[in-house]
Every structure is written in structure tokens, then in C-alpha cells.
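Note sheet for the following structure.
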Amino acid sequence: MAITGIKGFNDILPNEVEKWHHIESAARRVFELYGFSEIRIPVLEKTELFSRSIGDATDIVEKEMYSFTDKGENRVTMRPEGTAGVMRSFIEHKLYAGDQVSKLYYLGPMFRYERPQKGRYRQFHQIGVELVGVDDPMADAQVLTMLQHFFAELGLHEPTLQINSLGCPECRPSYRQKLRDFLLERLERLCDDCKRRYENNPLRALDCKAAGCREATVDAPSVLDNLCSGCADHFEKTQNYLRVNGTPYEINARMVRGLDYYTRTTFELVTGLLGAQSAVAAGGRYDSLIEQLGGPSLPGIGFAMGVERVVLLLNQDDFRKSPDLFIAFLGEAARKEAFRLMCALQQEGISVEIDYEGKSLKSQMRRADKFNSRFTLILGEDELRKGTASLKDMDKGVQVDVPLVPEKIVSMVQSA
RNA sequence: GUGGCUGUGGUGAAGCGGUUAACACAAACGACUGUGACUCGUUCAUCCGUGGGUUCGAAUCCCAUCAGCCACCCCA
């Protein structure tokens, strides 16, 4: 029995990788337009980093982390998300020293031990952004606008932006209590999951899918009505900025985020095209995280998108690449010349394919067709004696004689 | 961690107790001995996820196991 890969750890095959390149280069292009720079951080961090930032009681930390003890007896974890590591690095290297504002982006694999399903894998990839050092709502709007810009760049208009505010350490606890009181009164009507949520994460009960819970919570107090004046003002201004530049959004007061460090603005880019997974990208503000991790008191806001989920939305497109030229040859003398030309042309920036086996001309032509090559250069004994070859335009079906001079061939291929 | 569905070649699949395990696509070669796409022909699963059982006989029934998918929880 051949060895197989690990559950939830997927190979991204050459065909698929084209889509990934497309997404990654769009991200780089757009984010850099907004002044963000890439940061590359390790995949492994001390376990403590995640328990302190994401939150000890969250499912991610409680049961989904790939944690182990290394040979030096250190408790380490394969990162389940990117923000914590980026902030650790930010603090460790005092990136705040150079400029008040830091704009960073990252991309790479994340790991969570979950049961795989559509759009969810144990090793998955995120492209994320962090804007640190600004608490003005303009930063919130800027990040959201950039996220929308990125999706527009990919030609995806379907996912919609939903925003909410989770309040701050000032106003959230009292809202949370208010909500718990509300839930307690109708605990009987809630599903078993929500009875549990009532205990550890009452906010979650608000976006329960069960019909009974939806009915029971229609009149639930809204976070947005219970924000302190600072948070309310921040949320209002964020929306004003979004309106100013015409970024479409909707408010979803029942949206909950899974990580403990979020404050104030939170958001998701949701779609109905991913099965049970609706969030393609999500994020929020984290104004106390950096200080909590032992850094200076600086606010931040960011998001991460699930690359696999974006790939799923891109399913229709064909990213197949085809070579500029295919060289077909007949006989050993022609084989050498074909090899010489192929190398010379490749160095000139022309992509060339060849049949290494040198089978029948028919077979080689079929191969040229299969590659969808723009041109085929046919090199036989007769041509070789004359110092020429036939260059065939595969779409038009016409062919002309060309001298065996790489520069000539380059110009003919490029001018087409 | 829980639940449901599915497992036949490179792919999509038919077959539902006795078949040479259909068909289609892909692939290779040939008809066209130096020219692709169309057409035609030939080749391409001694084996039906794996292990065991029932039976004269199993891809087809039973059990176990593994894998995949989807959903719940949770999340990008």
C-alpha cells in the first residue's frame, strides 16, 4: 500500500496552483498599493502566544491546536492563525519605533485540528493584513475598502461585507450580562448548543441556525444599542467613511467573532456559495492585544481570508498556460539542432516545449496541439540541409520557412 | 468529538449472486511511410478500498476496518 497524505492536509496540484498565483499576486498588488509590506514569520510559535491572544477558552486553543513538546522541552504550537505571530514579531522587533503606523500583510499555511469539510482543512492558507497604530475609524474604513478592492480585482462581486461592533472592555461586559439575563428567561426554548453557549459564549446564541433559537432571540438586546459613547461614535464614523468612498456594506448586529482579542469593529465577507462555510474573509479591531502581549499600548485592525475559500469561488476560470512554441524534429541531426534552438529561445524568453522521445512527426504534432502551442517549428533533414525550418501557426494552419537563427524566430513569434 | 452518505481503470461511470466487468472521455499507436484539431481502427481493470464471513459460486449479501465527501460543533 502506497503512503498517502494526512487527513486534512491537501496537495495543491500544478493545475490548481495557477489559481493560487493569481490570488496571491492580486493580493500583493492591491495591498502594496495601500502601503502594506509583507512580513514572513515562522509557522511554529510558543503555545503560550496563542493561549494569551486568541483566548484560553476558545475552541481553537482548547481543542484545535497542533501542539507538542519539542526536544528542548518547549511547548510549541503550529500557528492556527496569523495575527498573534505577527504581533509577537512586531513587538519583539519594535516595529513601532520607526513609524507610528505599521501596515503589514502575510500569507501562508495555518493549522487547526478540525474535522475537514468543504472549504475547511487542517492545513489551510490565509492571506492576512494588519494595520497597527491608528485608532481613528479611517483605518477601519481603509482596511475594509482595501478588502473590497481585492475581491473586485479578482472579479468577484458576490461576497458581501457585513460589519458589526463588539464594543470594548468598557461596554462589552455589561452588554454580555444583559444578554445573559435575556437568555436565562427563555433558556427552555433554546437548543442544547445554545444552553451551553449561554454559559461560555452567550453572543453565539444570536447566530444559531436553529429555528427555535432564532424565534426566541428576535427581541434580544443588540450590541449596537449597548455600546458606550466612544464605541458608538467609532462605529458611526466608520460607516461614514465607508459611505464617503462608496464601499457597500451591511450591518449584522448578530455577527460574532471567534477570537477573544477583537474589540469594536468586526466584519466578515460572506457568501452563500461555499456550503456551510460562509466567511471568505473576516477580521476586526484589536485595540488591547498588543499591550496584552507585553508590547506598547497600540491599537490595531486586520483581517484574514481563507485562500482555499477564495479558490473555490474562482472555480470557473481556466488558468491553463500554453507554450509559445513547440519544436518537432525528425532524425538525430535535427534533434541536436532542435535542442540548441530550444535552449537559445528559452533564454530569449520564449517558452518552448518539445517531445523528448522524438516520436513520429504525427505524434509530435498531436503533442503540440495538446499543449495548445501557438506555433510549431518543424525541423527535418531537408530543412536542416538548407539551414531552415518550417514555422507553423497552429491557429491559422499556415507555415513559412525560417532560418535557423534564434533571433529571427523570436521576432516572428513575438510579432504574432 | 458527533452524525449522514459514498468507495468499480488515469477520469466519469454501468453492473445489484453465475457477464470475456458495459459504455464514454482521456492516453498510446496506426489508417495518412515528414504535419495537429475532424473521422476510423487497435490497445488500455485477471480485477471491483482493505480484511474476514455466507454461498457450489460475490464487484454484487453480511461483519469489521480504512479512506473520501458532506453536515453539526467551531471557524478563514
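So you know, we letter chains A, B, ... as the sequences are listed, proteins then strands, and number each from 1.
- For A/K209 and B/C72, the shortest distance from a side-chain N or O to OP1 or OP2 is below 4.0 Å.
- In the set B/A27, B/C74, B/U35, the nucleotide with an atom closest to the side chain of A/K370 is B/A27.
- Judged by distance alone, the side chains of A/T271 and A/E158 do bring a donor and an acceptor atom under 3.5 Å apart.
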What dot-bracket string describes RNA chain B from 5' to 3', counting Watson-Crick and G-U wobble pairs whose defining distances are under 3.5 Å, with [ ] for crossing pairs and | for pairs to another strand? ((((((((.[[[..)..(....]]].(((((.......))))).....[[[[[..)....]]]]])))))))....
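- In the set B/C72, B/G30, B/A76, B/A76 carries the atom at the smallest distance from any side-chain atom of A/E114.
- In this structure, A/L144 and A/Y249 have side chains that are not in contact, with every pair of non-hydrogen atoms separated by 4.5 Å or more.
- Nearest to the side chain of A/R115, among B/G1, B/A76, B/A37, sits B/G1.
- Candidate nucleotides B/A71, B/A31, B/U35 were compared by shortest atom distance to the side chain of A/I378, and B/U35 ranks first.
- Taking the ring centre of A/F371 as origin, the terminal cationic atom of A/R367 falls outside the region bounded by 6.0 Å and 45° from the ring axis.
- Nucleic acid contact class of A/Q399 (heavy atoms, under 4.0 Å, all strands): base.
- Using a 4.0 Å heavy-atom criterion, one finds that A/I127 contacts no nucleic acid atom at all.
- Between B/A76 and A/R257, a contact under 4.0 Å exists linking OP1 or OP2 to a side-chain N or O.
- Residues meeting the salt bridge (charged side-chain N to carboxylate O under 4.0 Å, His left out) test with A/R285, sequence neighbours left out: A/D140, A/D287.
- You'll find that the side chain of A/K359 is closest to B/C29, out of B/C29, B/C73, B/A27.
- In this structure, a donor-acceptor pair under 3.5 Å is present between the side chains of A/N245 and A/T145.
- For A/E130 and A/Y286, the side-chain atoms include at least one donor-acceptor pair closer than 3.5 Å.
- Heavy-atom distances to RNA chain B give each of A/E268 and A/K7 a nearest nucleotide, and the one nearer the 5′ end belongs to A/K7.
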